[in-house]
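Just below is one structure, and these are the notes that go with it.
In this text the structure is predicted, and so the values were computed from the model without any measurement.
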Amino acid sequence: MLNGLLLAAQVFFAVYGAYQLVLAFFGYRLPKKKQEHAPQKSFAVLVCAHNEEQVVGALLDNLKEMKYPKELFDVFVIADNCTDRTADIAREKGVYACERHNKAQRGKGYAVEWMLKELWKRPRQYDAVVIFDADNLASPDYLTHMNNDLCNGSKVIQAYLDTKNPNDSWITAASAITYWYCNRLWQMPRVRLGMANFLGGTGMCFDSALLKEMGWGATSLVEDLEFTMRCVQRNVYPTFNYDAKVFDEKPLTFKASWKQRLRWMQGHFSVARKYFFPLLWQGIRERSLTKIDAALYAVNVYNLFLGSIVTVALWVDLAIPGPNYLPSIFLSVPLLFNGLMVLTYAQFPISLWLEKAPLRIWKHLILYPIFLVSWWPITFYAFFTQNNKQWSHTEHTRVIRLEEMQSKKSNMTKQQVG
């Protein structure tokens with residue numbers, strides 16, 4: 001019985017991995033350019049901040065330089081339970097500072113829900129709502145791309161997520177590699193296949209009418225994933241804009257990264273429990289591959305949890321002298337095992353090549369497997385602490401401005417060409 005379950009699990013992991021590999025092939029080519037429109041949509045740009053006095057000023061300066069009519073957007077800083085000068089800096093920069101104090105309901109999801117209710121009360125109403133984190137930077141044409149997508153019919157849009165500090169440490173480099181992979185070989189295939197894309201927590205744009213109709217309702221530790229699932233259930237498929245760039249600050253140390261990823265996994269378990277079976281059944285009943293795909297993404301945290309346990313068990317069994325006690329399809333069919341392993345890891349250098357990543361990043365592929373394997377203990381610990389609903393704040397300290405990033409990128413490009 002146990003051996004049968006173990007073999008069945010391995011077959012599922014292999015099929016799931018093969019499915020993702022097949023999807024990845026559709027990300028090699030970029031889709032055709034979208035139809036462009038004159039600026040017409042108005043935006044409420046929300047900046048989520050909790051004690052972000054060190055970095056919020058750089059983002060607000062960045063937003064002032066948006067190549068979009070100034071009369072068509074306003075910036076609101078959500079100073080959520082702040083005890084520093086975040087709200088004061090927002091006022092000094094000439095944007096709206098909206099202070100929220102609620103110790104019982106902490107976290108970004110609650111802050112956004114509160115802010116939207118406040119926004120709907122204001123005399124001026126907006127066509128769309130954009131959400132950034134305080135540590136972000138955005139490309140000057142970000143709102144232009146959001147305007148185009150909204151005019152082309154999109155209701156929920158995710159921008160291209162990049163890292164503003166990939167060279168700070170091997171951890172930030174690993175995060176950058178993950179972003180490049182996800183943008184090109186995870187999000188892009190779903191664009192080309194007309195499937196739902198997944199929200200990434202920042203650089204998100206929402207049609208206001210949709211938000212008013214369905215409400216925010218995403219207050220878990222992973223509000224972006226939760227809202228994605230709510231949208232797909234309602235046949236609203238988030239889209240991905242490859243040209244709208246948003247740069248996110250990543251933690252510098254392994255410890256800080258661990259803490260951040262633990263929160264993500266704890267929230268992911270919660271969303272999986274709530275949405276996997278209803279969405280899977282809805283997808284099967286409606287014969288919707290998009291909904292089935294979203295359900296599989298929701299349950300991926302369990303796939304990672306169980307897959308890591310099975311893999312470690314097989315490794316231990318293999319390391320013990322004598323006969324192997326656990327059945328393994330990968331040992332029975334080594335070509336399958338080796339092929340899946342090679343193709344899975346090959347996706348990361350391929351994504352770097354496709355995204356024209358700086359050459360200095362490539363050396364970090366050596367340590368990248370350590371970063372990947374570190375998800376196993378994180379997910380294992382998250383499984384047993386998934387009822388923890390306490391938001392953990394990631395401290396941001398890297399004050400990098402967009403012109404500085406563009407200058408560095410230009411210099412690196414010249415060095416590569418030279």
Side-chain angles (χ1 to χ4, degrees), residues 52-63 65 132-142 158-188 200-203 242-264 345-375 378 393-418:
E52 300 285 10
E53 64 180 5
Q54 296 193 62
V55 295
V56 70
L59 172 61
L60 297 180
D61 289 340
N62 169 220
L63 294 176
E65 300 303 318
F132 290 116
D133 287 337
D135 60 291
N136 294 161
L137 295 171
S139 59
D141 56 0
Y142 172 87
Q158 174 60 55
Y160 183 110
L161 293 183
D162 209 337
T163 310
K164 73 179 187 182
N165 60 327
N167 300 307
D168 282 355
S169 69
W170 77 274
I171 283 293
T172 61
S175 297
I177 293 170
T178 303
Y179 270 168
W180 283 316
Y181 158 72
C182 288
N183 285 317
R184 191 58 183 264
L185 299 183
W186 192 276
Q187 296 277 42
M188 188 53 63
T202 189
Y242 181 84
D243 298 306
K245 310 286 185 178
V246 173
F247 303 89
D248 187 35
E249 179 186 328
K250 304 312 296 181
L252 302 179
T253 65
F254 184 82
K255 181 179 179 180
S257 173
W258 177 290
K259 184 179 179 181
Q260 183 185 61
R261 290 185 286 157
L262 176 62
R263 170 170 56 83
W264 292 344
Y345 190 73
Q347 293 179 92
F348 299 105
I350 289 173
S351 62
L352 294 186
W353 173 67
L354 289 172
E355 293 302 278
K356 299 179 175 61
L359 289 177
R360 62 190 303 180
I361 291 293
W362 285 73
K363 65 182 180 182
H364 293 287
L365 286 170
I366 298 173
L367 293 179
Y368 193 63
I370 298 176
F371 181 79
L372 292 177
V373 172
S374 71
W375 283 98
I378 290 173
H393 176 240
T394 302
E395 185 178 1
H396 300 112
T397 60
R398 294 289 280 114
V399 182
I400 303 175
R401 298 185 179 273
L402 188 64
E403 54 269 24
E404 181 183 347
M405 289 181 53
Q406 292 172 334
S407 176
K408 288 182 179 179
K409 184 176 181 181
S410 176
N411 290 335
M412 285 191 291
T413 302
K414 290 178 181 178
Q415 292 174 4
Q416 289 179 201
V417 173

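- Using a distance-only test at 3.5 Å, with no hydrogens or angles considered, a donor-acceptor pair links the side chain of Thr178 to the main chain of Ala174.
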Report task. Just do the ring-ring contact (aromatic ring centres under 6.0 Å, His included) check on Phe132 and Tyr142 with the steps written out, would you? Result -> CA-CA 12 Å; Phe132 290 116; Tyr142 172 87; 5.1 Å; yes
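- Across all their heavy atoms, Leu365 and Pro349 have their closest contact at CD1-CB, 3.9 Å.
- Residues Leu137 and Ala58 come closest through the heavy atom pair CD2-O, 4.0 Å.
- Rounding to the nearest 0.5 angstrom, the gap separating the CD atom in Gln347 from the CG atom in Leu352 is 12.0 Å.
- Distance check, rounded to the nearest 0.5 Å: OH of Tyr181 to CH2 of Trp186 gives 5.5 Å.
- Lys245 places no side-chain N or O within 3.5 Å of a backbone atom of Pro140 that could act as its donor or acceptor partner.
- A donor-acceptor pair under 3.5 Å is absent between the side-chain atoms of Asn183 and the main chain of Tyr160, judged by distance alone.
- The local environment of CH2 in Trp362 is crowded, with over 12 non-hydrogen atoms from other residues, nucleotides or ligands closer than 6.0 Å.
- In this structure the side chain of Phe254 never reaches within 4.5 angstrom of the side chain of Ser169, judged on heavy atoms.
- Judged by distance alone, the side chain of Asp135 and the main-chain N or O of Glu249 form a donor-acceptor pair under 3.5 Å.
- Considering all non-hydrogen atoms of both residues, Gly200 and Gln158 come closest at N-OE1, 2.7 Å.
- Taking the centre and axis of the six-membered ring of Phe247, the NZ or CZ atom of Lys250 falls outside the cone set by 45° and 6.0 Å.
- Atom OG in Ser257 sits 6.0 Å away from atom CD1 in Ile378 (nearest 0.5 Å).
- Atoms CD1 and CG, from Ile171 and Asn165 in turn, are 11.5 Å apart once rounded to the nearest 0.5 Å.
- Put simply, SG on Cys182 and CD1 on Ile177 are 12.0 Å apart, with the number rounded to the nearest 0.5 Å.
- When side chains are defined from C-beta on, Asp248 does not count as touching Leu161, because their heavy atoms never get closer than 4.5 Å.
- Within the model, atoms CG of Asn167 and CD1 of Ile361 stand 4.5 Å from one another, a figure rounded to the nearest 0.5 Å.
- Nearest heavy atoms, Ala256 versus Pro251: CB-CB, 3.7 Å.
- Leu354 is listed as a side-chain neighbour of Ile350, based on a closest heavy-atom distance under 4.5 Å.
- The side-chain heavy atoms of Asn62 and Asn136, taken from C-beta on, include no pair separated by under 4.5 Å.
- Judged by distance alone, the side chain of Glu355 and the main-chain N or O of Trp180 form no donor-acceptor pair under 3.5 Å.
- Judged by a 6.0 Å distance limit and a 45° cone about the ring axis, Arg261 is positioned over the six-membered ring of Phe371.
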Query raised in the report: Would Tyr368 and Trp170 count as a side-chain contact (heavy atoms from CB on, under 4.5 Å) if you check the C-alpha gap in whole Å, the side-chain angles of each, and the deciding distance to 0.1 Å?
Result: CA-CA 8 Å; Tyr368 193 63; Trp170 77 274; over 6 Å; no
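- Arg360 and His364 get closest at one heavy-atom pair: O-CD2, 3.7 Å.
- Side-chain N or O atoms of Thr202 include one that pairs as donor or acceptor with a backbone N or O of Asp133 at under 3.5 Å.
- Distance alone, capped at 3.5 Å, places no donor-acceptor pair between the Thr163 side chain and the Pro166 backbone.
- At least one side-chain heavy atom of Thr172 sits under 4.5 Å from a side-chain heavy atom of Leu252.
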